[in-house]
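These notes are about the structure you will find just below.
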Amino acid sequence: MNYQESHKTKAILLMLGSALFFAIMTAFVKLAGDIPSMEKALFRNAVSLVISFTILKSKKQSLWGKRENRPFLLLRAVTGAIGILLFFYSIDHLILADSSMLNKMSPFFVIIFARIFLKNPIKPFQISSLILALAGSALIIKPGFHFSSTFPAIVGITGAVLAGMTYTMVSYLGNKESSFTIVFCFSLISTIACLPFFFIQPVIPTPVQLTYLLATGAAAAGGQFMLTAAYKYAPAGEVSIYQYAQIVFASILGIALFSELPDLFSLAGYILIFSAGFHIYRKGRSEKNPKR
C-alpha cells in the first residue's frame, strides 16, 4: 500500500468512525426521553465547548480566530446552532433512520449555498442529483399523510438546509482557521443561545438522563473531531460518501433500542438519496481522474 492509499484508508476509517459516533449521539438524544430539545442541545454543545476549549488552550491556539474571519465564524455558529436544535427536535419525533437521513440532505444544499456565497459553479449532474435527493426526502416526509409525522420531518429538512449553510461556511474557513477554533465558536454561541430557555423552563434530568445527555455531547465531539481529521487525509469529494454509513448505524440502533422499522415510503426515499449521493461521488471521481 503506497503513501496516498494509506492516507485514504485512514480517512475512510475515520469517516466511518465519525458516522458511528454521530449515530450513537442520535440514540442518546432519543434515550434521554422527555427532556426539551433546547436542553438536549445545551448539553451537546456544552460538552463540545469544554473539549474544544481545552484543546485550543493546550495547543496555544486562538479561541476567536482572525478578525476578518469572525463574521463567517458567527454565521457558521448561528446556522449551526439552529440546525442542531431542529435536528434534535426531529430525532425526538421521528424514527432514528428518518431523522438521520433527512439530516444527510445537507450536502445537496451545500451545492446551492456554495454557488451563492463561494461562487462555485453548479454542474448538470449536481442539479439532477439534487432533484433526485429532494424526491427521496419527499417520500420520507410524506406530506399530507399525517401531520404528527409530517411537521417533524419538515423541521428535519429545514435543519438540513441550515446545516448546508453551516458546511459552506466551514468550507470557506477550512484553510483560514483551526478546526478547533471553528468548533469552539460554534459551541460557545450554541450554548449561550440555549441557556435562556433552560432557565425559563428547566427540566432537572434524572441521573440516568444526565448520563445520556453527557454521553450525547461526548459522542458529538468525537464524531466532529474524527470528521475533521478525515478531511485532512483525503479530499472531501473522495470520502464524504462514507458519511451515509450513519444511516445504516442509526437504523441498526433504532431497531435494537426502540424497535423502529422504516416504512416502504421511507425505504424508497433512502434509496433515492443514497443514489443521488453516490452519483455525485462517482461523477466527481470521474472528473478528477478522467480516462486517458
Side-chain angles (χ1 to χ4, degrees), residues 8-33 37 40-41 43-44 47-48 83-84 86-108 133 136-137 139-140 152-153 156-157 159-160 163-164 166-167 211-231 233-234 236 238-278 280-281:
K8 185 175 179 181
T9 299
K10 288 180 182 178
I12 292 172
L13 292 174
L14 284 165
M15 189 64 75
L16 292 174
S18 172
L20 177 59
F21 269 103
F22 281 130
I24 292 172
M25 179 202 76
T26 63
F28 282 135
V29 169
K30 206 172 188 75
L31 285 168
S37 297
K40 291 178 179 179
F43 276 90
R44 180 252 190 252
V47 173
S48 294
I84 284 290
L86 298 181
F87 180 37
F88 277 25
Y89 179 88
S90 71
I91 291 171
D92 282 337
H93 295 83
L94 298 170
I95 68 171
L96 280 184
D98 279 7
S99 59
S100 295
M101 180 55 86
L102 289 174
N103 186 253
K104 288 304 172 191
M105 282 288 295
S106 58
F108 301 102
S137 70
L139 287 173
I140 297 172
I157 199 71
T166 297
Y167 294 141
T211 301
Y212 287 142
L213 291 171
L214 293 175
T216 295
Q224 186 63 57
F225 292 134
M226 292 185 81
L227 181 72
T228 302
Y231 287 147
Y233 285 108
E238 294 188 13
V239 295
S240 59
I241 189 68
Y242 296 98
Q243 289 184 44
Y244 286 93
Q246 180 182 338
I247 313 305
V248 178
F249 296 138
S251 296
I252 293 171
L253 290 171
I255 293 170
L257 298 176
F258 310 107
S259 300
E260 296 177 339
L261 291 173
D263 61 24
L264 292 177
F265 285 101
S266 289
L267 289 173
Y270 298 168
I271 292 171
L272 289 180
I273 295 174
F274 269 124
S275 300
F278 182 74
I280 284 182
Y281 168 77

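Nothing fancy with the numbering, it's 1 onward along the sequence. Treat the numbers as computed from the prediction; the structure is a model and nothing was measured.
Applying the salt bridge (Lys or Arg N to Asp or Glu O under 4.0 Å) test to every pair with at least one member in residues 12-25, sequence neighbours left out, gives no pairs at all.
Applying the side-chain contact (heavy atoms from CB on, under 4.5 Å) test to Ala221 and every residue at least two apart in sequence or in another chain returns Ser48, Ile51, Phe225. Taking the ring pair (Phe, Tyr, Trp, His ring centres under 6.0 Å) definition, one finds that Tyr244 meets it with Phe274, sequence neighbours left out. Qualifying salt bridge (Lys or Arg N to Asp or Glu O under 4.0 Å) partners for Lys30, counting only residues two or more places apart in sequence or in other chains: Glu260. Residues that satisfy the side-chain contact (heavy atoms from CB on, under 4.5 Å) test with Ile252, not counting sequence neighbours, are Val248. Residues satisfying the side-chain hydrogen bond (donor to acceptor under 3.5 Å, both in side chains) criterion with Ser266, sequence neighbours excluded, are Asp98, Lys142, Asp263. Take Tyr89 and apply the ring pair (Phe, Tyr, Trp, His ring centres under 6.0 Å) test, not counting sequence neighbours, and it matches His93. Residues satisfying the side-chain contact (heavy atoms from CB on, under 4.5 Å) criterion with Leu272, sequence neighbours excluded, are Leu132, Ala135, Leu139. Listed by chain and number, the residues in a side-chain contact (heavy atoms from CB on, under 4.5 Å) with Leu214 are Phe43, Val47, Leu210 (sequence neighbours excluded). With sequence neighbours left out, the side-chain hydrogen bond (donor to acceptor under 3.5 Å, both in side chains) criterion links Gln224 to no other residue.
Residue-environment remark: CZ (Phe258) exceeds the threshold of 12 foreign heavy atoms within 6.0 Å.
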Item to check | Pair Ile247-Lys104, side chain to side chain contact (heavy atoms under 4.5 Å, CB included): steps then yes or no | outcome: CA-CA 8 Å; Ile247 313 305; Lys104 288 304 172 191; 3.7 Å; yes
Checklist entry - Run the side chain to side chain contact (heavy atoms under 4.5 Å, CB included) check on Asn103 and Ile157 step by step: do they pass? => result CA-CA 7 Å; Asn103 186 253; Ile157 199 71; over 6 Å; no
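Taking OG1 of Thr216 as the reference point, atom OH of Tyr212 lies at 10.0 Å (rounded to 0.5 Å). Annotation: the span from Tyr270 atom OH to Ser251 atom OG amounts to 5.5 Å, rounded to 0.5 Å. Residue Ile95 holds its CD1 atom at 7.5 Å from CG of Leu261, rounded to the nearest 0.5 Å. From Thr211, atom OG1 reaches atom CG of Leu31 across 11.5 Å, with rounding to the nearest 0.5 Å.
The shortest distance between side-chain heavy atoms of Asp92 and Ser37 falls below 4.5 Å. A 4.5 Å side-chain heavy-atom check between Ile273 and Ile140 finds at least one atom pair inside the cut-off.
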Under 3.5 Å, which donor-acceptor pairs do the side chains of residues 13-29 form with other protein atoms, sequence neighbours left out?
residue: Ser18; atom: OG; partner: Gly223; partner atom: O; Å: 2.8
residue: Thr26; atom: OG1; partner: Ala23; partner atom: O; Å: 2.6

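Checked by atom type and distance alone, the side chain of Lys40 pairs as donor or acceptor with a backbone atom of Gly33 at under 3.5 Å. At distances below 3.5 Å, at least one donor-acceptor pair connects side-chain atoms of Ser99 with backbone N or O atoms of Leu96.
Looking at every heavy atom in both residues, Ser106 comes nearest to Ala163 through CB-CB, 3.7 Å. Of all non-hydrogen atoms in Leu102 and Ser137, the two that sit nearest each other are CD2-CB, 4.1 Å.
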